[in-house]
Amino acid sequence: MEDGKAVVLLSGGIDSSTTLAIAKAEGHEAYALSFDYGQRHSPEIEAARRVAAQVGVERHLVIRADLRAIGGSALTSEAEVPKGGSGAGIPPTYVPARNTIFLSFALGWAEVLGAPHIFIGANVMDYSGYPDCRPEYLGAFEEMANLATKASVEGKMRFRIHAPLLRMTKSEIIRKGLELGLDYSLTWSCYDPTPDGRPCGRCDSCLIRARGFEEAGAKDPLTG
């Protein structure tokens with residue numbers, strides 16, 4: 001029997017944090033899942049812990065999966081993170097198969113928990129060109145999830161992938177989070193923190209965040 005349990009992928013950034021707040025507002029019993037994957041922007045792990053505590057979850061699980069051994073991304077190697085905009089095409093901050101890896105862990109935990117709902121903060125409006133944020137991808141993963149799990153094959157549960165932010169702009173996302181009482185001072189977005197732990201202000205993620213707050217008519221509590 002399906003119930004309100006949900007596994008929510010939580011990076012500690014604006015999108016995933018707002019997604020968690022939405023899942024809670026919809027009445028789901030939320031289980032947050034974060035990843036320490038060797039990312040250079042590791043402050044987001046602590047941000048995820050802060051957000052999970054503020055929003056309130058049944059459990060917050062942090063999985064260690066060192067993707068630096070695979071490489072292929074500026075976030076998991078010594079390659080330079082682009083500043084001032086990365087141009088056309090898929091940027092070097094793309095991490096090979098990241099959402100597939102994360103959703104697979106989420107699916108495994110959801111099956112164990114008996115949670116038919118999996119939430120992800122994917123977004124196609126303000127996203128940075130990542131192919132695993134597209135609706136076609138999320139639909140394909142949901143289909144796979146219901147072909148590949150014991151619970152679904154035995155007819156006990158049908159898994160659903162929820163991406164409530166999919167077609168929202170960053171400013172709309174921020175306004176939604178503020179409406180739900182989310183404290184954005186707890187979040188982290190920067191891909192390339194300064195040596196003293198501050199946001200660089202120049203990477204794609206910082207620029208998208210700044211524009212989002214400006215268009216939302218709100219101040220970013222991290223930068224004033």
Side-chain angles (χ1 to χ4, degrees), residues 1-37 44 48-49 51-65 67 94-169 172-173 176-177 179-182:
M1 181 72 68
E2 292 193 359
D3 62 18
K5 289 182 180 179
V7 173
V8 183
L9 290 174
L10 179 65
S11 72
I14 285 176
D15 293 350
S16 67
S17 299
T18 307
T19 297
L20 175 60
I22 289 172
K24 285 282 292 183
E26 290 179 354
H28 291 285
E29 184 180 319
Y31 293 79
L33 181 59
S34 304
F35 292 86
D36 178 353
Y37 61 95
E44 71 173 11
R49 290 192 173 100
V51 170
Q54 190 233 337
V55 176
V57 298
E58 300 300 316
R59 185 180 175 194
H60 181 206
L61 186 62
V62 179
I63 296 288
R64 290 185 179 180
L67 299 186
Y94 163 73
V95 179
R98 179 173 59 181
N99 280 350
T100 302
I101 294 167
F102 292 177
L103 281 169
S104 296
F105 275 91
L107 176 61
W109 197 24
E111 185 170 21
V112 171
L113 290 170
H117 306 285
I118 298 173
F119 281 76
I120 182 172
N123 175 262
V124 298
M125 300 295 287
D126 280 329
Y127 85 132
S128 297
Y130 302 139
D132 52 3
C133 287
R134 295 176 297 166
E136 299 91 337
Y137 164 76
L138 298 171
F141 191 95
E142 180 176 286
E143 182 178 0
M144 182 280 296
N146 288 295
L147 289 171
T149 49
K150 181 174 183 280
S152 57
V153 169
E154 291 181 346
K156 296 177 180 177
M157 191 185 315
R158 179 163 184 82
F159 294 100
R160 289 188 58 204
I161 306 297
H162 301 263
L165 312 184
L166 196 61
R167 301 192 183 280
M168 295 171 68
T169 65
E172 289 171 337
I173 292 167
K176 182 64 175 179
E179 174 190 318
L180 295 175
L182 183 60

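The figures that follow rest on heavy atoms only: side chains count, while hydrogens, waters and symmetry mates do not. Note that this is a predicted model, so its numbers are computed, not measured.
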query: What distance separates Ile173 CD1 from Ile22 CD1, expressed to the nearest 0.5 Å?
result: 8.0 Å
- prompt: Would a 4.5 Å heavy-atom cut-off, applied to side chains only, mark Asn99 and Cys133 as touching?
  reply: yes
query: Listed by chain and number, what are the side chain to side chain donor-acceptor pair (under 3.5 Å) partners of Tyr137, not counting sequence neighbours?
result: Thr100
- line: In terms of heavy-atom contacts, Ala97 and Asp132 come closest through C-OD2, 4.3 Å
- line: d(Thr19 OG1, Leu182 CG) to nearest 0.5 Å is 10.0 Å
task: Look at the side chain of Glu44 and the backbone N and O of Gly13, then say whether any donor-acceptor pair between them is shorter than 3.5 Å.
output: no
message: Just checking His117 against Phe159, ring centres under 6.0 Å apart?
response: no
- prompt: Quick one: side-chain contact (heavy atoms from CB on, under 4.5 Å) partners of Glu29, sequence neighbours excluded?
  reply: Lys5, Tyr31, Glu58
query: For the atom pair CG (Leu166) and CG (Leu138), what is the distance rounded to the nearest 0.5 Å?
result: 6.5 Å
field: Given Val7, Leu9, Ile63, the one that forms side-chain contact (heavy atoms from CB on, under 4.5 Å) with Phe105
entry: Ile63
field: Rounded distance [0.5 Å steps], OG in Ser11 versus CG in Leu33
entry: 11.5 Å
- prompt: Can a donor-acceptor pair be found between the side chains of Tyr130 and Arg98 at a distance below 3.5 Å?
  reply: no
task: Report yes if some heavy atom in the side chain of Pro135 is under 4.5 Å from a heavy atom in the side chain of Arg167; otherwise report no.
output: yes
task: Report yes if some heavy atom in the side chain of Ser16 is under 4.5 Å from a heavy atom in the side chain of Val8; otherwise report no.
output: no
- prompt: Any donor-acceptor pair under 3.5 Å linking the side chain of Ser17 with the backbone of Val51?
  reply: no
message: Looking at every heavy atom in both Ala145 and Ser152, which two are closest together, and how far apart are they?
response: O-OG, 3.6 Å
- prompt: How far apart are the closest heavy atoms of His60 and Leu10, and which atoms are they?
  reply: NE2-CD2, 4.3 Å
task: Return the orientation label for the Phe119 and His28 ring planes: parallel under 30°, perpendicular over 60°, tilted otherwise.
output: perpendicular
- prompt: Is the closest side-chain heavy-atom distance between Leu107 and Thr149 below 4.5 Å?
  reply: yes
task: Using atom types as modelled and distance alone, determine if a side-chain donor or acceptor of Gln54 lies under 3.5 Å from a backbone N or O of Gly181.
output: yes
- request: I would like to know whether Asp15 and Ile120 meet side chain to side chain contact (heavy atoms under 4.5 Å, CB included); could you show each step before the answer?
  value: CA-CA 9 Å; Asp15 293 350; Ile120 182 172; over 6 Å; no
statement: d(Met144 CE, Leu103 CG) to nearest 0.5 Å is 8.0 Å
field: Euclidean distance, Ser104 OG relative to Trp109 CH2, rounded to 0.5 Å
entry: 15.5 Å
message: Could you check whether any side-chain heavy atom of Leu61 comes within less than 4.5 Å of a side-chain heavy atom of Arg59, counting everything from C-beta outward?
response: yes
task: Take Leu67 and Phe35, measure what side chain to side chain contact (heavy atoms under 4.5 Å, CB included) needs, and give me the verdict at the end.
output: CA-CA 10 Å; Leu67 299 186; Phe35 292 86; over 6 Å; no
Step-by-step side chain to side chain contact (heavy atoms under 4.5 Å, CB included) determination, Leu113 to Glu111: CA-CA 5 Å; Leu113 290 170; Glu111 185 170 21; over 6 Å; no
- prompt: With side chains defined as the heavy atoms from C-beta onward, is the minimum distance between Lys156 and Lys150 less than 4.5 Å?
  reply: yes
For the student: nearest non-hydrogen atoms of Met157 and Gly114, plus distance: CE-CA, 3.4 Å
message: I'd like to check Pro116 versus Arg158 (side-chain heavy atoms, cut-off strictly below 4.5 Å). Are they in contact?
response: no
query: Who are the side-chain contact (heavy atoms from CB on, under 4.5 Å) partners of Glu142, not counting sequence neighbours?
result: Asn146, Arg160, Ile161
